Colleague: 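The structure that follows is given in the form of structure tokens.
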Amino acid sequence: MRFAPTAEQQDLRIAVRELMRDRCPSSVVRAEPDDPAINGLAEEICRMGALGLLVAERDGGLGLDENYLVPLMVETGWAAAPLPLVDSIAFAPGLLSHAGYSDGPDYRKRWCVADPAKRAETRFGQPAGLLLRGGFGGTGAVQLVDLDTAVRSHLAAMDPSADVHDVRGGQELAIVDDPVLVRQAWQRGVLAAAAQLIGLARHMLEMTVDYVAGRTQFGVPVGSFQAVKHRLATALLAVEFAAPVVDRAGHSMASANPGADRDVSSAKALASEAARAVGREAIQCHGAMGYTTEYDLQLYLKRAWALAADWGSASWHRARLAGHLGMSLTGSTPAG
Amino acid sequence: MRFAPTAEQQDLRIAVRELMRDRCPSSVVRAEPDDPAINGLAEEICRMGALGLLVAERDGGLGLDENYLVPLMVETGWAAAPLPLVDSIAFAPGLLSHAGYSDGPDYRKRWCVADPAKRAETRFGQPAGLLLRGGFGGTGAVQLVDLDTAVRSHLAAMDPSADVHDVRGGQELAIVDDPVLVRQAWQRGVLAAAAQLIGLARHMLEMTVDYVAGRTQFGVPVGSFQAVKHRLATALLAVEFAAPVVDRAGHSMASANPGADRDVSSAKALASEAARAVGREAIQCHGAMGYTTEYDLQLYLKRAWALAADWGSASWHRARLAGHLGMSLTGSTPAG
Amino acid sequence: MDLTWSEREQAFRAEAKAWLTANVPAEPLPSGDTREGFAAHVDWERRMFADRWSVVSWPPEYGGRDASLWEWLIFEEEYYRAGAPQRVTQNGIFLLAPTLFEFGTPEQQRYWLPRMAAAEDLWCQGWSEPGAGSDLAAIRSRADRDDQAGGWRLTGQKTWTTRGAFCTHLFGLFRSGPSADRHRGLSYFLVPLDTPGVTVRGFPRLDGDEGFAEVFFADAFVPDSHVLGEVHEGWRVAMATTGSERGLTLRSPGRFKHAADRLIAEVAHRHPAATDALIERVTGVWLRAFAYQQFTLAQVSQLIAGEAPGARSSLNKVYWSELDIELHETALELLGMDGQLDNEWSRGFQFSLAGPIYAGTNEIQRNIIAERLLGLPRK
Amino acid sequence: MDLTWSEREQAFRAEAKAWLTANVPAEPLPSGDTREGFAAHVDWERRMFADRWSVVSWPPEYGGRDASLWEWLIFEEEYYRAGAPQRVTQNGIFLLAPTLFEFGTPEQQRYWLPRMAAAEDLWCQGWSEPGAGSDLAAIRSRADRDDQAGGWRLTGQKTWTTRGAFCTHLFGLFRSGPSADRHRGLSYFLVPLDTPGVTVRGFPRLDGDEGFAEVFFADAFVPDSHVLGEVHEGWRVAMATTGSERGLTLRSPGRFKHAADRLIAEVAHRHPAATDALIERVTGVWLRAFAYQQFTLAQVSQLIAGEAPGARSSLNKVYWSELDIELHETALELLGMDGQLDNEWSRGFQFSLAGPIYAGTNEIQRNIIAERLLGLPRK
């Protein structure tokens, strides 16, 4: 029994963290989708093999499991990396392999966007050549679509750095309807989103602590007020008790635990709530400063809001969890 | 337009308040149900005509309306008067009049207990001669039962001063199934319970403010800590925004407003939540002191818990309110 | 309790309703926090003024109707019910004007009030400075006496000035005397933004609109006639204004009742997404808006009976600002991923987050509630 | 990550489970906070000791099994799963014993620990005094030096002593030196309650049980051998104990997981009352209990790797105490008026309300979290 990352997992985390601090500062999060800095970041991520993290070694991947996916996503979430990482690294690999799209070294360049709820909507689609449509909740078929042949139009969103598009049509390349693969892809997407939310929450909390420790009001640091201390203590509690549940969910998937679906839903529900709670306290503790787009907090805040709502909201996953616990809700729990 | 009590309503409030401070200190709340002090309090309440507050003048009552019921109940709630006042003053009169039990001066002595949810359970039944069974939610028939002929046994409850009994059987004296009267009786019971909760909440808040202003820790009054200030400010907000809704509900009933049922449910939901919230902050601010039965806080706290759950909980009334607002819940919302 | 409207009040409501029905733009105006949206809103303000609806509670000589507080509430109710535009003149009309009525000289009132009512002068507030948010006493911008010219020379910087880039005038506090006593030595100035030495720089807010500005003062001259209230007594004068900002006048219950009703309509629209747990939250939001309305009715009744609201206005501020967030959070939950797109609800959500921060943070309001209403010890 | 149990651990679990199945009383014991209930609980403790289950993690010479932290967690899980009685010896075993292990002399350890494990000595704690709750440094009870007799004479009063009326010994701080420095000059004493000059008065708690006591000291003599740690260094010694009280050792996840499972069973039992909104709350409670379990597994892994939990134990304290209240509030909501009667849930609810208060209030814990874990300034 040992509930802690291995040295290899820890090394991966550090490598990703260094890459993110180096290549994904807030200026990159703010950049236009076709900015060279974003392309550069995408290339670095390819170079470290991250796109093949969950791809079998025989298919040219790293052959690693979800215990490695979690730290990778925590750190890219921390940086709010403006790329479809959840889609390409977590959701896509099993589906692409099955459809024959991961053979040879070409998969490294293969960025995907996912639209599991079939909202005809994508985020961070700029580098992607493939669209994966369907699979919400881990059921149904996933359609592989050639994104270049689809009709795309920009949508205004709360998070302007998310590069949201309305996407319709496009040539169908394949259909994956193997229920095991679709469920695995969905669970991996949910797990990756949960992990990114942990990173985002930690980042917002760090920024807020720095801010209130430095800012003075009524002659003392804002961070010395008991109300501020208690708010941030509450925020830390939310993160510290969500993070191990995300780690646990990664382990359950990696070890094919029959409770994996329950654990993944637990992770996403808690991580979504933690990120929202931290965001709420962060903006209140920043005062008007948190409320301007010149300051970086909003970048991470808006990303957290979107990711908390995406891949099943906290409510959605709680309802699913209730089912796993043998309690069935009478109300409906729709997708998206 | 004037949202404020009249001089007469204000006079009634002051008279009841003085009676309560005089005859219902905490020692009376702690007393055994057959203690002479409780009987004395019951007699004083009869003497001021309170049992006939809502009884028509031609039937020997005061012929007043729910605008007077609210302040009477706020003040008796403040004192946690250990008598079936909601049952006897609010719920019973219309039913008793209809069944012919309020003619002559005898009604003054007529104390009732209500069991609207037919739980076979009564509270504060000591002075009562009549049991009113049924009417939960304002529908169905209410059975008038001779309490002296019923089989009663004591039940251990969280609030030991509530004198809870299991009550079965008893001779049926009459049935009231006039839907208008049953609805009115129920709404009055709910309104009275909401008003008592406002009084209880105010009392707990007053005790807590006194306590934290006086108690010293780390060399300063506990009440000077920002965390304590913010807790009690939040408690005051809950009470101050619930109280006008209770007043409004009383006015809606008195003026036969078609929205009365909506307003009464609004009142009970908010007053229940306010009392629970104040109780929660009160016990936390008192520290271990709030946690002993020697100190009075627990008397008011336990009464508030019971009254918040009784006459439809906050959830129950929210569900009813949702219906009034045109939104229907799919889940069930049972009585009791 | 008497919750009936008089004939006069009913007639007033009918007139307001008729005018709003005829005049409110069919399509929502672009956001008043963008440059072209602001211009469209100023047009709307001028149309209101032309028909004497811009300042209903003011005396007729300044463009008003001498409306009672009840009539003002009625107007606000109908205004929000009609979905009429946001009031971009609110800083002047709701924050500065009450102070002008209380502290202004007759000349100042005659000069400034009609221009404000007509949306000729467009006012922004200059409270916050870098390093001084809710802590007005930490203000460092200076006003130096110029006896020869008969006025003051302003130096320093204001920030977080809402819509400052589009306004014509600013009101705010400057340090005119020694700063030993944090609450004395401040004066309250009325400053045209085209005064030489004043520079305005707009910058964007969370919701993407260019709604904030920094304002720089470099030896900008204002005459004595532009000081409101007594020299060095600006703190007291400003406190009256912030009382009004936090008070009844800024946030009418109509706004929240209307938004809660829209939220209920959204539930029907989003039927499959509206789980019971969400419907319970929507119900709770409606209930809080209802409570805010009842509280306000009681408070106006007390005001009319001559009781000043005092620190009780802090109860309003905390309640409506937290209600506003809960309302929009619930809406976003209901909307799912649609709530992450740019729309009325998501913009309202981002705007609502400022509620607990501006006009005195809710932390400060809770301190006030605890100390002044509950009597807890300051230290 | 390796979440499998070793063969040894599995065997330990099987042995514990078998013993508990055979020995846990079929009917719940009466409350351990009443006099006769306490006696029944002491019998249970002695039965546990007889089969070496009372202090599994202690060395065999004191009655333990040298169980690892993992085995201790396994034992706790099985203990709660079996519905076994509350541990009335917990003050001694979980609070005093870690301090004895760390600061006691070999003689003290040999003398006190086996008696504690055997439930011969029954320990209560004497931290709080009238006027000093969480503020240990405000202690005024005195220990005056008696050189001639080779010991100390205790004078003063302790209060809120849980189950003090039924215990045989008390541990606590007394002021042995000058009080100029609030954190120095205190010593940690071990006091038999039958010492002449000691008077114990029980009084009832919120839940009606006679679970609290005041303890009065009038020139009560204790020998030097009853001082734990260095004289005047009691503050430092006590801090180690409170760290342990707040820490991992007191609240095993098994307790909350078990209670959450019972709550889910209650949902099926109360089907018509379990609305969707309530089921969502029950799910949330289970989820928090699950999170507490995962957090604990990670924390134990760190402990085993040699990292002291330090201020992170404040995270545990706040989390489990707030979880415990939410758990019981949800249960009471589900039970409706049945929740207002005297039963396991309503008693648990009242008990849970003490969670955020004792062992350092959650306000103090949040200060610690903010200052020591987040690094916010003390002042």
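FYI, side chains are in, hydrogens and waters are out, and symmetry mates aren't considered; it's all heavy atoms of this structure. These numbers come from a predicted model, not from an experiment. Quick note on labels: first sequence line is chain A, next is B, and so on, each numbered from 1.
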Colleague: So do Met327(B) and Thr283(C) actually touch side chain to side chain, heavy atoms under 4.5 Å?
Modeller: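 In contact.
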
Colleague: Would you say that Thr6(B) contacts Asp2(C) through its side chain, given a criterion of any heavy-atom pair below 4.5 Å between the two side chains?
Modeller: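 Side chain of Thr6(B) against side chain of Asp2(C), heavy atoms only: no contact under 4.5 Å found.
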
Colleague: Do Val300(C) and Phe3(B) have side chains that get closer than 4.5 Å, going by heavy atoms?
Modeller: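 They are not in side-chain contact.
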
Colleague: Should Leu297(C) and Arg248(B) count as side-chain neighbours, where that means a heavy-atom distance under 4.5 Å?
Modeller: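 They are in side-chain contact.
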
Colleague: Below 4.5 Å, heavy atoms only, C-beta onward: do Leu237(B) and Arg366(C) meet side chain to side chain?
Modeller: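 They are in contact (side-chain heavy atoms under 4.5 Å apart), so the answer is yes.
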
Colleague: So which of Asp247(B), Val228(B), Leu270(B) has the biggest tally of heavy-atom pairs under 4.5 Å with chain C?
Modeller: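 Highest number of pairs under 4.5 Å: Leu270(B).
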
Colleague: Might you work through the side chain to side chain contact (heavy atoms under 4.5 Å, CB included) test for Asn367(C) and His230(B), ending with a clear yes or no?
Modeller: CA-CA 7 Å; Asn367(C) 289 349; His230(B) 286 196; 2.8 Å; yes

Colleague: Has Lys229(B) got a side-chain atom pairing as donor or acceptor with Pro377(C)'s backbone, closer than 3.5 angstrom?
Modeller: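 Pair found, side chain donor or acceptor close to backbone of Pro377(C).
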
Colleague: Who in residues 186-202 of chain B is close to chain C, using a strict under-4.5 Å heavy-atom cut-off?
Modeller: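 Under the 4.5 Å heavy-atom cut-off, nothing qualifies.
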
Colleague: Using non-hydrogen atoms only, which part of Arg312(C) is less than 4.5 Å away from chain B: side chain, backbone, both, or neither?
Modeller: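 Answer is side chain: those atoms of Arg312(C) sit under 4.5 Å from chain B.
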
Colleague: At a 4.5 Å cut-off on heavy atoms, which part of Gln226(B) comes close to chain C: side chain, backbone, both, or neither?
Modeller: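 The answer is the side chain of Gln226(B).
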
Colleague: Relative to chain C, which segment of Gln9(B) carries a heavy atom at a distance below 4.5 Å: side chain, backbone, both, or neither?
Modeller: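 Looking at Gln9(B), just its side chain touches chain C.
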
Colleague: So which part of Thr234(B) gets closer than 4.5 Å to some heavy atom of chain C, the side chain, the backbone, both or neither?
Modeller: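 Both backbone and side chain.
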
Colleague: Starting from the C-alpha separation in whole Å, work towards a yes-or-no answer on side chain to side chain contact (heavy atoms under 4.5 Å, CB included) for Phe295(C) and Glu240(B).
Modeller: CA-CA 8 Å; Phe295(C) 180 90; Glu240(B) 289 288 343; 4.2 Å; yes

Colleague: Where on Glu363(C) is there a heavy atom nearer than 4.5 Å to chain B: the side chain, the backbone, both, or neither?
Modeller: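 Contact with chain B: backbone and side chain both.
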
Colleague: Can a cation-pi geometry be assigned to Arg262(B) and Phe290(C), taking NZ or CZ under 6.0 Å from the six-membered ring centre and within 45° of the ring axis?
Modeller: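 Judged by the rule (NZ or CZ under 6.0 Å from the ring centre, within 45° of its axis), Arg262(B) counts as positioned above Phe290(C).
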
Colleague: Would you sort out whether Ser224(B) and Arg378(C) count as a side chain to side chain donor-acceptor pair (under 3.5 Å), showing the intermediate values?
Modeller: CA-CA 6 Å; Ser224(B) 69; Arg378(C) 260 189 88 75; over 6 Å; no

Colleague: Can you tell me if Glu206(B) has over 12 outside heavy atoms packed within less than 6.0 Å of its CD?
Modeller: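 Yes - once you tally the heavy atoms of other residues, nucleotides and ligands closer than 6.0 Å, there are more than 12.
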
Colleague: Pick one of side chain, backbone, both or neither for Asn257(B), based on which atoms fall under 4.5 Å of a heavy atom in chain C.
Modeller: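 Contact with chain C involves no heavy atom of Asn257(B) at all.
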
Colleague: I'd like to know whether CZ of Arg8(C) has more than 12 heavy-atom contacts from other residues, nucleotides or ligands below 6.0 angstrom.
Modeller: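 No, the 6.0 Å shell around CZ holds no more than 12 heavy atoms from other groups.
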
Colleague: Can you tell me which of Ile304(C), Ile369(C), Leu315(C) forms the most heavy-atom pairs within a distance under 4.5 Å of chain B?
Modeller: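 Looking at each option in turn, the highest pair count goes to Leu315(C).
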
Colleague: Under the side chain to side chain contact (heavy atoms under 4.5 Å, CB included) criterion, do His251(B) and Leu3(C) qualify, and how do the steps go?
Modeller: CA-CA 8 Å; His251(B) 178 270; Leu3(C) 302 189; 3.4 Å; yes

